[in-house]
Each structure stands twice: as structure tokens, then as C-alpha cells.
Student: 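Take a look at this one; I'll ask things after.
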Amino acid sequence: MFERTETSLLDPIVALSREYAADDRRDKINLGIGVYRDSSGATPILDCVKKAEEQLVAEQRTKDYVGVAGDDEFVRQLSAAVLPSLKYGSEIVGVQSVGGSGALRVLLDTAVRISPSTALWMSEPTWPNHKGIASAVGIDVRHYSYPGFKTGFDLDGLFAELAPARPGDLFLVHACCHNPTGIDPLPEELAQIADFLSKRGIVPLIDAAYLGFGQSLETDSARVATFVDRCPELLLAVSCSKNFSIYRERTGAAYLIGRAADNLINARSVMMSIARESYSMPPDHGARVVSKILGTPELKAGWQSELSAIQQTIARNRRGLAAALRHHCPDRDWDYLDQGHGMFGLIDAPKERILKLRRDKGIYIVDDGRLNVAALNENTIEFTVTSIVDILMS
Ligand code: LMR
């Protein structure tokens, strides 16, 4: 069997992490995979997470299974944190998932099981694993154009591209902090997109991986509510990896939102079957930690202020990066970087130069020019910018 196997290519983000790990230069800089790093280069464990973990260790009495849908309390609390106006059980239902990627996989498997001819519309560019998951599910993928190096959306152009979409097709939306561009539609543009989808019977599939990293938890979550207010049915993947800084715990939830409780409950049973057939039951720890934080007022307040501090650091890094690029390379327009949100932004450069940046300077950005602003700090920013200008812009 193995003799007949060819190498399977890993997506460029994971491949880059492996290449970075194998590089033994001490001054290498990792601006690849989307992980927040503080000024010492470490990805800290939040104080609220440490405290919740201490309480859990003291309280936990069993390691019995959590069940196929995971921890119901966690699923309800996370739903209330993101969409407080929705009644859990009749307007929104969900299952705990293995991170945000696991939520996307379960949601897409569910959509295809319910309607096998559904197509999935995704932005070009998008997160490479969107394509990976869609291809593993076997769903028909269509693309719509997305701005990479300018601000502002051509909504008429977008709607024209979506003309062939059929009712019941899925439209993948990044809730905020678009990956890889960092460019998000303005709230009024988002409302127009949601109105268009609703009118055409297209179902939003919202990937909410960075809530709290854009502007604030409330403002970023309000972007999800824009779709909920306008569209009768939605699929929603929520990740806790970034905003609780618990990347390796693989914590998230997959939600279905709709106006008929019976239909939601039936569709949830499909999600539960898919979970059972895929991995049986999700892991417990990350969900218990999040549940403990969301259910304990002092821990929740601590989390909100730690999350807000991370958001501010990322925004400061973004402004610092754009300012330094403007200074060293004034001929190019850097407004799109400045005005973006979240961890990522694109640098317009050919792949061979990006590989040269890696080779000559030990600076790792993704092959498509995506750079993780959240991993920069005051010690690395100047060297990064002068190296980018030297190698990518010359
Ligand atoms: C990223 O885009 O770097 C993150 O979402 C992490 C990942 O799994 O790719």
C-alpha cells in the first residue's frame, strides 16, 4: 500500500511552520502561522486561563466521556457571548468542535449530507485550509474576487460574480480580520452583502476565527449579527484558539441558526452523527476552560481586558508596520495595510523574492506574501521592514 503512495503536499502555512522549525539560525523570525506573540516572542497563556485551569484541576471528579455534542454548557455560553440576542435551543443550536477547522468540517459535511448539490462560494484569496477542507468534503467550490492591496469593495462586481449562485448555495464569510488580506467590508457593505444573500436564498457560512482581534469582541460579533438579522438560515463556525490563546487545545463550536426550531434540532442531529462518525467525541479541556471563564464574572472580566490588550498590540504593530513601510518605501500605497484588521496583511511580491527573504534574512512569511502582524514586536519590526524593502521591493 505505502509503495504506491506519493507525497501529499501540506498547505503552505503548515509547510512553512515545518521549514521554520528545521532552520537552526537563532535570529530567524516567524511571521507565518497565525499565532499571537508578545514582545519576547512568546505566545503567553492568559492569566484567566491559568486561573480557570487551577480551579478545574481542583474540582474535576471524572474523565468520563463528554458525549458526541461535547460540553453543552460551553456551547450555550459561547453562543451567548457571540450572539446574546438568540435563544439557544430554538433560534441557535450547536455542537462543540475540534477547533474552528473542525467546526468548518462538520458544518460542510452536514450541508452536503442535507443537500448534496450545494456549492460553496469562497473569496479568492482565502485561508488555504478552506480549500483543503472543502476538497476533503467533496463540495463544489466557486470563487469570488476579493481585494488584496486596496481598501473598498466593488459590491456590484461581487453581486455580478454571484449571479450564477443557486438558492441553498453557501457563501463563506470571514466574520472579521479576513485571512489572508486583513481587509474587511465596512459594516454598511456587510449589510448590503447580507441583504443580497437573503434575497437570493444563499446561505452564509460564517468563519468566526478572530472575534475580538478586529476592533472588540462586541464590534466583531456585531458583524455576525448583521447576517443573523437578515438571513433566515446560517451556519457559524466559532474558534476559541486565538481569542482565548488556547491554540493547542483545539476548542470551538459549530452552530446552526434558523427560524424553525424543529428543523434546527433535526439538522443538529445530522451534525452529531457526523461528529460520531469522524472523531466520536471532542476533547474536554479547552471547552471546560472557556466555560469556566465565561461562567465566572471575575475571570470573564479578566479575559475581556487581556483580549483587548492583545487587540491593541496587534493594531499598534499594524500601524507601526505601515508607517515603517511608508518611510522606507514611499512610492507604494500602504493604506490597505494600515486600515486592515487582525493578524494578517499581504505584501505584493513574487514568490521567488519571498523565498529569498526566507533564505537570506531568515524571515518567514507565507508564499502568497501573507505576513502575521501579531508576531511582530519592537525588536523585529525595523529589521523586518528594511529586509522586506531590500529584498521584496527592489
Ligand atoms: C493561520 O491562518 O495561520 C491560522 O488560522 C492557523 C492555521 O491553522 O492555519
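We count residues from 1, following the sequence as given.
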Student: Less than 4.0 angstrom from a charged side-chain N to a carboxylate O is my criterion; do Arg326 and Asp338 meet it?
Tutor: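 Between Asp338 and Arg326 there is a salt bridge, with a charged N closer than 4.0 Å to a carboxylate O.
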Student: Taking the ring centre of each residue, are Tyr146 and His178 less than 6.0 Å apart?
Tutor: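 So the answer is yes for these two rings.
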Student: For the pair Asp72 and Arg268, find out whether any cationic side-chain nitrogen is under 4.0 Å from an anionic carboxylate oxygen.
Tutor: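 Between Arg268 and Asp72 there is a salt bridge, with a charged N closer than 4.0 Å to a carboxylate O.
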Student: Going by atom types only, do His327 and Glu382 share a side-chain donor-acceptor pair under 3.5 Å?
Tutor: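 No donor-acceptor contact under 3.5 Å links the two side chains.
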Student: Using distance only, find each side-chain donor-acceptor pair of residues 44-54 under 3.5 Å and give its atom names and separation, not counting sequence neighbours.
Tutor:
unit_1	atom_1	unit_2	atom_2	d
Asp47	OD2	Lys51	NZ	3.2
Glu53	OE2	His285	NE2	2.8

Student: Salt-bridged, Lys131 to Glu124, with N to O below 4.0 Å?
Tutor: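 Glu124 and Lys131: salt-bridged.
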Student: List, by chain and then residue number, the residues other than Met1 in its hydrophobic cluster (Ile/Leu/Val/Met/Phe/Trp/Tyr, side-chain heavy atoms under 4.5 Å); write none if there are no others.
Tutor: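 Phe2, listed by chain and number.
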Student: Give a yes-or-no answer on whether the side chains of Arg37 and Asn372 include a donor-acceptor pair shorter than 3.5 Å.
Tutor: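 No, because no side-chain N or O of Arg37 sits under 3.5 Å from a partner of the opposite role on Asn372.
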Student: With no hydrogens and no angle check, just 3.5 Å: does a side-chain donor-acceptor pair link Gln60 and Asp284?
Tutor: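 Side-chain D/A pair, Gln60 to Asp284: present.
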Student: From the options Phe227, Phe159, Tyr144, Trp121, select the one residue that forms a ring-ring contact (aromatic ring centres under 6.0 Å, His included) with Phe171.
Tutor: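 Going through the options one by one, the only one that passes is Tyr144.
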Student: Taking atom types as modelled, find out whether Ser216 and Gln311 have a side-chain donor-acceptor pair closer than 3.5 angstrom.
Tutor: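 No pair is found: no donor N or O on one side chain lies under 3.5 Å from an acceptor on the other.
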Student: Could you list who else is in Val57's hydrophobic cluster, with ILVMFWY side chains joined at under 4.5 Å, directly or through other members?
Tutor: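 When side chains under 4.5 Å apart are linked, Val57 ends up in no cluster with other residues.
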Student: Checking ring pair (Phe, Tyr, Trp, His ring centres under 6.0 Å) for the pair His174/His341: CA distance, chi angles, key distance, verdict?
Tutor: CA-CA 12 Å; His174 302 220; His341 291 104; over 10 Å; no
Student: Determine whether the side chains of Gln312 and Ser308 contain a donor N or O and an acceptor N or O closer than 3.5 Å.
Tutor: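 Gln312 vs Ser308: donor-acceptor pair found between side chains.
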Student: Grab the two heavy atoms, one from Gly94 and one from Met271, that are nearest each other, plus how far apart they are.
Tutor: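 Taking Gly94 first and Met271 second, the nearest heavy atoms are CA-CE, 4.0 Å.
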Student: Regarding Lys292 and Glu59, does a basic nitrogen lie under 4.0 Å from an acidic carboxylate oxygen?
Tutor: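 Looking at Lys292 and Glu59, the cut-off is met.
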Student: Going by distance alone, is a donor N or O of one side chain under 3.5 Å from an acceptor N or O of the other, for Ser40 and Asp38?
Tutor: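 Ser40 vs Asp38: donor-acceptor pair found between side chains.
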Student: Salt bridge check, Asp109 against Arg113: does any charged N sit closer than 4.0 Å to a carboxylate O?
Tutor: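 Salt bridge flag = no for Asp109 with Arg113.
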